[in-house]
Amino acid sequence: MNTIVTAEIDVATPTGRRIVNELERHKRSVKLNYPTSEKIAEKTYTHEEVWEMVESILNEHYGTDFKFDL
């Protein structure tokens, strides 16, 4: 006997968020799967890459050659 139910809940609404919060309290009996966004699937960056970009932008803007010590 299959006792698994799959449901789609719109978390953009207060009711949907309330339902998800209630389900998260029952970790033993509920498994939540959050879909990945299409935007996230395109390209992701490591924190080192992000800080290098920030460093580059700030140095260009202020005309400096500052290096962050990561």
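We use all heavy atoms of the structure for the numbers below, so side chains are in, but hydrogens, waters and symmetry mates are not. Bear in mind the structure is a predicted one, so any value in this text is a computation, not a measurement.
Taking all atoms of both residues into account, the shortest heavy-atom contact from Val20 to Tyr34 is CG1-OH, 3.5 Å. Taking all atoms of both residues into account, the shortest heavy-atom contact from Glu24 to Leu32 is CG-CD1, 3.1 Å. Nearest heavy-atom pair across Glu55 and Phe66 is CG-O, 3.4 Å.
Interatomic distance, Thr6 OG1 to Lys31 NZ, rounded to the nearest 0.5 Å: 10.0 Å. Taking CZ from Arg18 and CD1 from Ile9, the interatomic distance works out to 12.5 Å, rounded to the nearest 0.5 Å. Glu52 CD to His47 NE2: the interatomic distance, rounded to the nearest 0.5 Å, is 10.0 Å.
Considering only heavy atoms from C-beta on, Lys67 comes within 4.5 Å of Asp65 through its side chain.
No more than 12 heavy atoms of other residues, nucleotides or ligands sit less than 6.0 Å from atom OH of Tyr62.
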